Amino acid sequence: MSIQIYNTLSRRKEPFVPIDPQRVTLYACGPTVYNYAHIGNARPAVIFDLLHRVLSRRFPQVIYARNITDVDDKINQTAAAEGVPIEVISRRYAEAYHADMEQLGVGRPTIEPRATDHITEIIGMIDQLVDQGHAYLAEGHVLFDVGTFPDYGQLSRRDRREMIAGARVEVAPYKRNPGDFVLWKPSPENLPGWDSPWGRGRPGWHIECSAMSAAHLGETIDIHAGGQDLVFPHHENEIAQSRCAHGTEVFARYWMHNGFVTVDKRKMSKSLGNTLVVHELLKQWPGEVLRYVLLSAHYRQPLDWSDKVLEQAQTTLDRLYGLLREHDDGRAAEADPDVIAALEDDLNTPTALAALNRVARHAGSGTSTEAVACLRASAGILGLLLQPADAWFDQRKAETDLDEPEIEALIKARQAARAERDFGRADRIRDDLAARGILLKDGPEGTTWEAASK
RNA sequence: GGCUAGGUGGCAGAGUGGUUAUGCAGCGGCCUGCAAAGCCGUGUACCUCGGUUCGACUCCGGGCCUAGCCUCCA
């Protein structure tokens, strides 16, 4: 069975057949670095990183590009507000993005192109579009003329004429068509700008992905990915400008779009003010818990974020790590075929987690260390259970304010009470510790303790 | 208004034309001095109304409801 991918272009699942199996190309729209990433921004990072892993198991070379947009009006605003150059802002938040994503177990893409490093390519591409009559100059702007591209609207299934009727925004008077979009805009002296054939200016929003994708991956790529809100206009516009500039029939052969993270069923967005910032969430929860939650729903479905799902994920991870702690002898094993099959079926992570839990049940009910090794190997593909089990449990110990000698002393006192069969006193000690978030566990090897989960 | 998703057991969340999803919680049991953890067992769930079918939660049509895009947005 080949890898199946749901293609937004066809609105159905298709077998994934790359143009060149020796060189698979994947592009995902990365962050615009003007503040901290919220958990909704983290979803595509986690999902398409997982896609990268899944593809890499099958194909010898998968080039995964995830850009950083480091020139943008929102960056300009933040920089102006702080009175610093835009590089200060973009560098700060790019670094924060990397740190946060690393906590979520997101690997680095093969290449991470930045818009400001590709101004030459961007200008070159716009120049071509102007030459070919697909773009025109108006009041210092260079605009793409959607009237010259009959396939415009194919991805988002929109009709250009109906878009005019439904348009809720004022259309700039210098546009030929209401759907025309900016490729290059003039920059006044107080804003970042680059010299171009059309004067000092800066790129529009959509062009950088087209330019960088072509520069690093080629004019036609296998997969282009991003959030559902990018389908229109961002990806629609990318298709238009890329295909027109290169004279190609296809820009990306498969389009993948992740659904939103919601809060109380409403989309998480900066304008609604209901964003949950990864940087903050990581102060309360291990990155692996956030990752588990992000994988717990299928990537195309909405994912409603709540403390409850976080707690559930943590409880489940506790059980899985507990199995590793008790039974893992470190041996190598193959991953469970059901886990792989689920992932290769359009990244069905909930089914993969179900399979993983079946492996765990197997591992827990017998004493087979092979099953435990299989659990670890299978989870590894999902980017889970990668740390030593002790490290997983110790991270919560670090959060308690009790010092360990005190706890050990209390445990000793309780052991003494138990030896005298004074269970009333023994239980009081245990209850007191429990009230302070310390759970005792009596086993054949003696009594151990761990910090309670939230 | 146009377009797109979706409505599954207490909650989260997959999936299938006729057979166990899975997790969390609950309940019963094993274990334990008692617990905790772990393990075993446990639930006639599929928005509504029609249709197709031997048979539909699963396919088709109508309805109701929810969310999203059409404006920066993952």
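By convention in this document, chain letters (A, B, ...) are assigned in the order of the sequence lines, proteins followed by strands, and residues within each chain are numbered from 1. Owing to the predicted nature of the structure, the values given are computational and were not obtained by experimental measurement.
What separates CD1 of I429(A) from P of rC34(B) is a distance of 19 Å, to the nearest Å.
Between the side chain of D427(A) and the base of rG33(B) there is at least one donor-acceptor pair of N/O atoms closer than 3.5 Å.
Proximity of the aromatic rings of Y93(A) and Y34(A) is defined here by a centroid distance below 6.0 angstrom, and this criterion is not met. Between W184(A) and H141(A), the distance separating the two ring centers is not shorter than 6.0 angstrom.
Looking at T32(A), its side chain never comes within 3.5 Å of a backbone N or O of T69(A) through a donor-acceptor pair.
In plain terms, the two heavy atoms of V146(A) and G179(A) that are nearest each other are CG1-O, 3.5 Å.
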Where protein sits on nucleotides 12-22 of chain B, one letter per nucleotide: B base, S sugar-phosphate only, - none, heavy atoms under 4.0 Å: -SSS-----BS

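Remark: rA35(B) base-pairs with no nucleotide in the shown strands. Criterion, Watson-Crick or G-U wobble with two distances under 3.5 Å. Of all nucleotides present, only rU22(B) satisfies the Watson-Crick or G-U wobble test against rA12(B), with each distance under 3.5 Å. With a cut-off of 3.5 Å on both Watson-Crick or G-U wobble distances, the partner of rU66(B) is given as rA5(B). A 3.5 Å limit on both hydrogen-bonding distances identifies no Watson-Crick or G-U partner for rG17(B). The nucleotide rA56(B) finds no pairing partner, because no Watson-Crick or G-U wobble arrangement with both distances shorter than 3.5 Å includes it.
In this structure, R325(A) forms a cation-pi arrangement with F393(A), its terminal cationic atom sitting closer than 6.0 Å to the ring centre and no more than 45° off the ring axis.
If you check rC69(B), rU4(B), rA74(B) against the side chain of R158(A), the one that comes closest is rC69(B). Ranking rC11(B), rA37(B), rA74(B) by closeness to the K308(A) side chain, first place goes to rC11(B).
Using a 4.0 Å cutoff on non-hydrogen atoms, the parts of residues 255-263 of chain A near RNA chain B are N258(A), G259(A), F260(A), V261(A), ordered by number.
The phosphate of rC69(B) (OP1 or OP2) has a side-chain N or O of K267(A) nearer than 4.0 angstrom. Put simply, R421(A) has no side-chain N or O that comes within less than 4.0 Å of OP1 or OP2 on rC34(B). For the OP1/OP2 pair of rA74(B) and a distance below 4.0 Å, the side-chain nitrogens and oxygens of K270(A) include at least one atom meeting the criterion.
No side-chain donor from either of Q4(A) and E344(A) sits under 3.5 Å from a side-chain acceptor of the other.
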